[in-house]
Number of protein chains: 2
Amino acid sequence: MLQNKVNVQVIVWTTLIGGFFSSLVKWGSEVNMPPRMPGEISPPGAHIDAWLGWLGINSHSLDYVYQGVTVPGAVTLYHWLFSFAFAFLYVVGSIWWPRIRLWFGALYGIIITIVMHGFFIPLLGFRNPVYANGATGWLWNLNQAELWSEILGHIYWSVSIEVCMIAVLAYFGRPIKGNWVAA
Amino acid sequence: MLQNKVNVQVIVWTTLIGGFFSSLVKWGSEVNMPPRMPGEISPPGAHIDAWLGWLGINSHSLDYVYQGVTVPGAVTLYHWLFSFAFAFLYVVGSIWWPRIRLWFGALYGIIITIVMHGFFIPLLGFRNPVYANGATGWLWNLNQAELWSEILGHIYWSVSIEVCMIAVLAYFGRPIKGNWVAA
């Protein structure tokens, strides 16, 4: 599979273009439906504080002021890196499990929301919503506002990766659906 | 041209998909580089106040609270409508002037920034930056922070429309570049 140079190009460009645009799409989705109450730390911020402290990095590392607004640089960088990683997982995953692209990618966004936000992030101790008096934010403890924000936001996000993947496949003359790796 | 049903489908779907995702992309771009100082009204907000007042609509019409955050519904709706309108202009414009798609759509974003934010919006009296003591916000009166935010944000925005257009063209079996309307 990786012997084929075009397949590698599809993986690289879908990761770069899909990861880049989908990260902006997810942020954009949060304008209409903020996923958290003001003041609550985001999961990326919580991860950084918990995991990178020994390196002297925390969620306010790389903070910078732009037009009078303090932007948490480390958190935004982390958001971007995750988006590239999950775009990579999507395009590579589609080689072995093409159904990952079901519903123009929407399935992937739904799975990510349920697995990551409903279980994994709370499991690691990174989600204790103030509206639940700080209880662990398991799927059944999240309120509807948060769930709708994350589910719709991740659907927009994953569908935008799929749109980028279709464009990249078309650009490289590959079939845009089904087994795109066949020589 | 419009006799061809597939061409019409390309226009409709590029407008819908491109308009939708590009609106989120532009918002997302503003996370890292806010285009205005806090408290300054956005051009959409200023338009709504100036033009729709006689209908009893202002920039705080349709405000709603989501997770404790007040979201200006009218402004976000307006942002979305504009994004659909400019995606429509892009795909229809490409029929008569294919060079509108130059540099994967980046040219379009640069033109929009210069024309709209540098001249048209100030001309209409909707941009008087506080950092310029309220002087008319002509291109040469905008600071670098605002210009970089709008230029990069609009490049991401217009390239995302182009990516959606390539995907739509590929989906409908059309050539993804050059004269895509030829029967």
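Chain letters run A, B, ... following the sequence lines, proteins first and then strands; every chain starts at 1. Heavy-atom basis, side chains included; hydrogens, waters and symmetry copies ignored.
Closest approach of B/A170 to A/I166, counting heavy atoms only: CB-CG2, 4.4 Å. Considering all non-hydrogen atoms of both residues, A/Y156 and B/F21 come closest at O-CE2, 3.1 Å. Of all heavy-atom pairs between A/G68 and B/P38, the closest is O-CG, 3.8 Å. Scanning all heavy atoms of the two residues, the minimum distance from A/V69 to B/P34 falls at CB-CG, 3.6 Å.
The environment of CH2 in B/W103 is sparse: at most 12 heavy-atom neighbours from other residues, nucleotides or ligands sit within 6.0 Å. The neighbour count for B/F172 CZ, taken as heavy atoms of other residues, nucleotides or ligands under 6.0 Å away, is above 12. With a 6.0 Å radius and a threshold of 12 heavy atoms from other residues, nucleotides or ligands, A/Y78 has its OH atom above the threshold. With a 6.0 Å radius and a threshold of 12 heavy atoms from other residues, nucleotides or ligands, A/W13 has its CH2 atom at or below the threshold. More than 12 non-hydrogen atoms from other residues, nucleotides or ligands lie less than 6.0 angstrom from OH of B/Y64.
Heavy atoms closer than 4.5 Å to chain A are found nowhere in B/E40, neither backbone nor side chain. Neither the backbone nor the side chain of A/W157 comes within contact range of chain B; no heavy atom of the residue lies under 4.5 Å from a heavy atom of that chain. Only the backbone of B/P35 has a heavy atom closer than 4.5 Å to any heavy atom of chain A. Residue contact with chain A, scored on non-hydrogen atoms closer than 4.5 Å, involves the backbone and the side chain of B/S149 alike.
In the hydrophobic clustering of ILVMFWY residues, with side-chain heavy atoms under 4.5 Å counting as a link, A/I57 and A/L62 come out apart. A continuous path of Ile, Leu, Val, Met, Phe, Trp and Tyr side chains, each step under 4.5 Å between heavy atoms, connects A/L89 with A/F20, placing both in one hydrophobic cluster. Both A/I176 and B/V6 belong to a single network of hydrophobic side chains, linked directly or stepwise wherever heavy atoms of I, L, V, M, F, W or Y lie under 4.5 Å apart. The same ILVMFWY cluster, assembled from side-chain heavy atoms under 4.5 Å apart, contains both B/I121 and B/W148. In this structure, B/I95 is a member of the same hydrophobic cluster as B/V91, with clusters built from ILVMFWY side-chain heavy atoms closer than 4.5 Å.
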Using the side chain to side chain contact (heavy atoms under 4.5 Å, CB included) rule, take B/E30 and A/V31 through it: C-alpha gap first, then chi angles, then the decisive distance, then the call. CA-CA 10 Å; B/E30 299 182 1; A/V31 171; over 6 Å; no
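The candidate from B/Y131, B/W27, B/Y171 with the greatest count of non-hydrogen atom pairs under 4.5 Å with chain A is B/W27. If you tally non-hydrogen atom pairs under 4.5 Å between each of A/L169, A/V25, A/I17 and chain B, the highest count goes to A/V25. Counting heavy-atom pairs closer than 4.5 Å to chain B, the top residue among A/E146, A/E162, A/M165, A/K177 is A/E146. The residue among B/M33, B/R36, B/H79, B/K26 with the most heavy atom pairs within less than 4.5 Å of chain A is B/M33. In terms of heavy-atom pairs under 4.5 Å with chain A, the best-connected choice from B/V163, B/V159, B/V168, B/T76 is B/V163.
At a threshold of 4.5 Å between non-hydrogen side-chain atoms, the residues B/Y66 and A/N32 do not count as touching.
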